[in-house]
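Worksheet for the structure shown next.
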Amino acid sequence: MPGLDYASTQPKRSAVALGSNIGDSQTLLEAAIKTLAQTPGIILEARSNWYQTKAVGPPQPDYLNGCVTLQVEMLPQQLLEILLGIEQQFGRVRQEHWGPRTLDLDLLLYDDFILDTPNLQIPHPRMRDRAFVLVPLAEIAPDWIEPVSGCVIKGLLKEVDCSDVCLIDGQLKLPSLNTEED
């Protein structure tokens, strides 16, 4: 993998999207963050607010979504394995593509690396098109450069429709973006 220094002991910054639309989503998501923060080799750097969003895919309940940034001392594949293990721990069963789920953890970014393997793509291949990812990520990492496009997260956010993303217990207000309420 060009550019990925396997021997580096320096922590790497990563971004993870969290989502849930089955069960007590907020409790599940909070517990998932706590589990991540207690995992050796992972330090929770920042977390976003929670946002209610329309589901992508088959008809299903709305999602609760958010993002975290982490400092990790592991390779991307190891982080993915940890995320998949946490999903399973919280009852995730993969039955239907884009179907409802108790917990969804997606590895979005890993420093400025670009990675394309059969089971892991970094940056996440659809993150640039998804307001439910970009809104919470822009809240905590607005100036992080998405390495494929070369654009900062807050710039990518300007290119997507955010009308179906609602801040829980408040209204969606993003600094430096020109948003209008319906």
Side-chain angles (χ1 to χ4, degrees), residues 2-4 8 10-21 25-26 28-30 32-34 36-37 42-57 62-74 76 79-80 82-83 86 98 101 103-116 120-182:
L4 187 56
S8 174
Q10 294 289 359
K12 303 292 186 219
R13 188 174 187 213
S14 63
V16 174
L18 301 94
S20 172
N21 72 340
S25 293
Q26 189 163 354
L28 287 166
L29 293 168
E30 294 288 346
I33 290 175
K34 184 176 180 181
L36 273 170
I42 295 177
I43 297 170
L44 179 64
E45 181 181 80
R47 53 172 293 171
S48 72
N49 286 300
W50 298 119
Y51 295 86
Q52 183 175 347
T53 63
K54 298 289 180 201
V56 173
D62 287 351
Y63 271 83
L64 200 58
N65 288 101
C67 286
V68 295
T69 57
L70 309 168
Q71 290 289 329
V72 300
E73 294 178 350
M74 62 191 68
L79 180 55
L80 175 64
I82 287 169
L83 297 176
I86 293 171
W98 289 339
R101 52 202 70 173
L103 181 62
D104 187 29
L105 300 174
D106 287 333
L107 179 53
L108 302 174
L109 297 164
Y110 185 92
D111 260 353
D112 60 353
F113 294 116
I114 298 171
L115 181 65
D116 189 1
L120 180 59
Q121 293 176 296
I122 301 173
H124 189 284
R126 291 171 298 283
M127 70 173 275
R128 290 178 298 199
D129 304 321
R130 295 183 167 171
F132 65 85
V133 169
L134 293 174
V135 169
L137 187 57
E139 178 187 329
I140 59 173
D143 297 318
W144 194 331
I145 297 172
E146 191 276 340
V148 171
S149 68
C151 296
V152 294
I153 299 302
K154 66 184 175 187
L156 294 172
L157 183 58
K158 294 177 183 178
E159 305 300 319
V160 297
D161 177 5
C162 298
S163 60
D164 286 336
V165 180
C166 300
L167 180 64
I168 299 298
D169 297 325
Q171 292 183 321
L172 176 59
K173 293 183 181 163
L174 297 173
S176 75
L177 292 178
N178 184 13
T179 58
E180 297 177 11
E181 294 179 2
D182 294 341

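It should be emphasised that the depicted structure is a prediction, and the values quoted were computed from it without experimental measurement.
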Going by side-chain contact (heavy atoms from CB on, under 4.5 Å), Ser14 matches just one of Leu79, Val68, Leu109. Which one? Leu79
Rounded to the nearest 0.5 angstrom, the NZ-CG distance for Lys34 and Leu29 is 15.0 Å
Residues Phe132 and Val165: closest non-hydrogen pair is N-CG2, 4.1 Å
So, the side chain of Trp144 versus the backbone of Ala138: is there a donor-acceptor pair under 3.5 Å, distance only? no
Is any side-chain N of the basic residue among Arg126 and Asp129 closer than 4.0 Å to the acidic one's carboxylate O? no
Return the set of residues passing salt bridge (Lys or Arg N to Asp or Glu O under 4.0 Å) with Glu159 (not counting sequence neighbours), or none when no residue passes. none
Not counting sequence neighbours, which residues clear salt bridge (Lys or Arg N to Asp or Glu O under 4.0 Å) with Lys54? List them please. Asp62
Pairwise side-chain contact, His124 with Arg130, heavy-atom cut-off 4.5 Å (strictly under): yes
Taking the basic N atoms (NZ, or NE/NH1/NH2) and the acidic carboxylate oxygens, is any pair closer than 4.0 Å for Arg47 and Glu30? yes
Side-chain heavy atoms of Leu167 within contact of Trp50, under 4.5 Å: no
Thr53 and Asn65 side chains, donor-acceptor separation under 3.5 Å: yes
Could you measure the distance from the CG atom of Leu137 to the SG atom of Cys67? Nearest 0.5 Å is fine. 5.0 Å
Exercise: identify the closest heavy-atom pair between Leu157 and Cys162: CD1-SG, 3.5 Å
Is the side chain of Glu139 donor-acceptor paired with the backbone N or O of Asn49 at a distance under 3.5 Å, no angle test? yes
Heavy-atom nearest pair, Met74 first then Ile42, reads CE-CG1, 3.7 Å
With sequence neighbours left out, what residues match Asp161 under salt bridge (Lys or Arg N to Asp or Glu O under 4.0 Å)? none
Mind checking what makes side-chain contact (heavy atoms from CB on, under 4.5 Å) contact with Ser25, not counting sequence neighbours? Ser20, Leu64
Closer than 3.5 angstrom, by distance alone: can the side chain of Asp104 be matched with the main-chain N or O of Leu18 as a donor-acceptor pair? no
Scanning both residues in full, the closest heavy-atom pair of Gly66 with Ser48 reads CA-OG, 3.3 Å
With sequence neighbours excluded, what pairs up with Ile145 under the side-chain contact (heavy atoms from CB on, under 4.5 Å) test? Val152
Distance (rounded to the nearest 0.5 Å) between Ile122 CD1 and Leu80 CG: 8.0 Å
Under 4.5 Å between any side-chain heavy atoms of Ile153 and Asp143, yes or no? no
If you take all heavy atoms of Gly19 and Tyr63, which pair is closest and at what distance? C-CD2, 4.1 Å
Please give me the minimum heavy-atom distance between Arg101 and Asn21, naming the atom from each residue. N-OD1, 2.8 Å
Answer yes or no: is there a side-chain heavy-atom contact under 4.5 Å between Leu36 and Leu83? yes
Interatomic spacing from CG in Leu108 to CE in Met127 - rounded to 0.5 Å: 5.5 Å
Quick check for you: to the nearest 0.5 Å, what is the distance between Leu70 atom CG and Lys12 atom NZ? 14.5 Å
Hits for side-chain contact (heavy atoms from CB on, under 4.5 Å) against Glu45, two or more places apart or cross-chain, chain-then-number order -> Arg13, Thr69, Gln71
